[in-house]
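Take a look at the structure set out below.
Counting convention: from 1, in listed order, for ligands and their atoms alike.
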Amino acid sequence: MKKDTQLGHLGRNPLQTHGTVNMPVYRASTIVFPDLETYGSRPADDYKIPRYGIHGTPSNWALEEAVAKLEGGYNAVSVCSGLAAINAALCAFAKSGSHVLVADSVYGPTRSFCNRRLAAFGVDIEYYDPLIGSKIKNIIKSNTCLIFCEAPGSLSFDMQDIPAIAQEAHARDIPVLADTTWGTPYFFKSFEHGVDVSIHAATKYIVGHSDVMMGIIVTNEKYWLPVRRAVADYGYCSSADDCYLALRGLRTIGVRMKQQMSNAIQVARWLAARAEVKRVLYPALESDPGYALWKRDFEGAASLFSLVLNPVSKKQVATFVDALKLFGIGSSWGGYESLVTAPNIAHLRTATRWPDDGPVIRLHIGLEDPQDLTADLAQALAAMAAAA
Ligand SMILES: *Cc1c(COP(=O)(O)O)cnc(C)c1O
């Protein structure tokens with residue numbers, strides 16, 4: 001089945017749910033059993049049978065199965081946030097005395113978790129140039145226990161050659177973990193590109209409506225149990241109601257993402273032609289250094305990108321952002337609505353140097369008409385110039 005057909009059919013079976021088209025919400029903490037024998041004989045490693053609320057109910061499993069199948073993974077588990085998914089996946093492999101390689105362009109809170117938590121447990125954290133490719137082999141150590149990728153990187157959108165990194169990792173039996181939130185299970189087939197453990201902030205496009213926090217970890221068969229056990233050991237879980245909403249969001253991820261990609265490319269091209277803009281950081285544009293890798297590995301692009309403005313004052317940046325009427329100022333992305341932030345990238349780099357002095361603006365392009373969005377950006381750029 002093609003992925004758009006899968007989206008309509010995965011994770012539901014009306015004949016088993018009294019004919020309801022959608023999997024109902026099974027809320028539960030306690031699950032009861034017919035007798036002590038059955039209660040006592042639950043297989044410890046089977047996390048897709050009724051056990052206890054923390055391990056999920058059919059509502060959770062329906063979403064997890066749909067995401068795993070869409071992405072081409074073996075199995076999946078959902079947790080309370082994208083960050084919890086990242087942390088649980090890291091802790092499934094990292095241990096005291098081991099060495100962890102993390103892309104320098106990684107999501108900021110992932111870096112904080114590594115620096116403040118993993119390092120405190122005696123894990124040696126090393127950040128690497130996201131453009132490293134197969135040269136990663138030169139920095140892999142005998143105690144390297146995982147390689148963490150994120151393509152494209154948060155805020156700066158550097159594209160990583162994940163297959164090249166995975167080839168070197170797998171030659172040494174090291175798992176490749178990747179934050180694939182931008183690619184989504186719809187536009188990036190992680191497991192065909194060498195990822196072993198794919199981590200999604202489902203909060204973004206999977207939920208798609210800016211109203212649920214959730215993370216989903218999808219793994220191949222080899223790493224399913226270590227990851228699933230780590231999630232169980234931390235006591236991370238997701239609610240049945242949230243899984244219902246996430247699965248409802250997933251049904252339309254295809255139409256949303258195709259439309260948002262088209263809108264984003266239109267807005268990004270318009271911005272790239274503006275004199276105020278030094279460069280646009282978006283692998284879906286031919287002019288982007290990551291374009292060839294993106295074209296090779298991805299089936300589409302998320303509608304999230306950054307731009308570097310030619311140097312202007314802090315006050316002008318604030319004037320620009322505040323003047324926007326159709327872009328909400330706030331964290332997160334992947335919903336139906338447009339958003340703007342003005343992140344500071346330079347302080348998040350340690351292995352590489354951020355080359356630009358000009359301010360960075362990150363835009364999330366929603367489902368609005370792109371002509372209205374560019375008109376809004378035009379008037380905000382005019383306000384910025386007037387504030388000089
Ligand atoms: C938002 C985000 C996360 C974290 O997801 P939460 O659900 O907000 O915890 C992780 N990675 C990336 C790339 C993100 O954008």
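- Put simply, part of Trp333 is less than 4.0 Å from ligand 1, judged by heavy atoms.
- One option in His200, Glu150, Lys204 has a heavy atom closer to atom 1 (C) of ligand 1 than any other, and that option is Lys204.
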Steps toward ring-ring contact (aromatic ring centres under 6.0 Å, His included) verdict (Phe93, Tyr223) | CA-CA 10 Å; Phe93 302 100; Tyr223 294 114; 5.3 Å; yes
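- Checked against a 6.0 Å centroid threshold, the rings of Phe187 and Tyr205 do not count as neighbours.
- The side chain of Ile86, and not its backbone, has at least one atom closer than 4.0 Å to an atom of ligand 1 (non-hydrogen atoms only; side chain from C-beta on).
- In terms of N/O distances under 3.5 Å, ligand 1 is not approached by Ala201.
- At a heavy-atom cutoff of 4.0 Å, ligand 1 is contacted by both the backbone and the side chain of Leu83.
- Of the protein's non-hydrogen atoms, the one nearest atom 12 (C) of ligand 1 is Asp179 OD2, 3.4 Å.
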Could you check Phe188 against Phe298 for ring-ring contact (aromatic ring centres under 6.0 Å, His included), going step by step and ending with a plain yes or no?
-> CA-CA 5 Å; Phe188 183 58; Phe298 287 67; 4.4 Å; yes
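- The distance from ligand 1 to the heavy atoms of Met213 drops below 4.0 Å at these ligand atoms: 6 (P), 7 (O), 8 (O).
- The environment of Tyr52 atom OH is sparse: at most 12 non-hydrogen atoms of other residues, nucleotides or ligands sit within 6.0 angstrom.
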Quick one: side chains of residues 376-388, donor-acceptor pairs under 3.5 Å with protein atoms, not counting sequence neighbours, listed by atom name and distance.
residue	atom	partner	partner atom	Å
Asp376	OD1	Lys325	N	3.1
Asp376	OD1	Gln379	NE2	2.8
Asp376	OD2	Lys325	N	2.9
Asp376	OD2	Leu326	N	2.7
Gln379	NE2	Ala323	O	2.8
Gln379	NE2	Asp376	O	3.2

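- Protein heavy atom in closest approach to atom 7 (O) of ligand 1: Thr203 OG1, 2.6 Å.
- Heavy atoms of Ser154 come nearer than 4.0 angstrom to ligand 1 in at least one pair.
- Of the residues listed (Asn60, Thr57, Ile216), the one engaging Cys243 in a side-chain contact (heavy atoms from CB on, under 4.5 Å) is Asn60, and it is the only one.
- Other residues, nucleotides and ligands contribute more than 12 heavy atoms inside 6.0 Å of the NZ atom of Lys204.
- For atom 6 (P) of ligand 1, the nearest non-hydrogen atom from the set Gly153, Gly82, Ala202, Gly334 belongs to Gly82.
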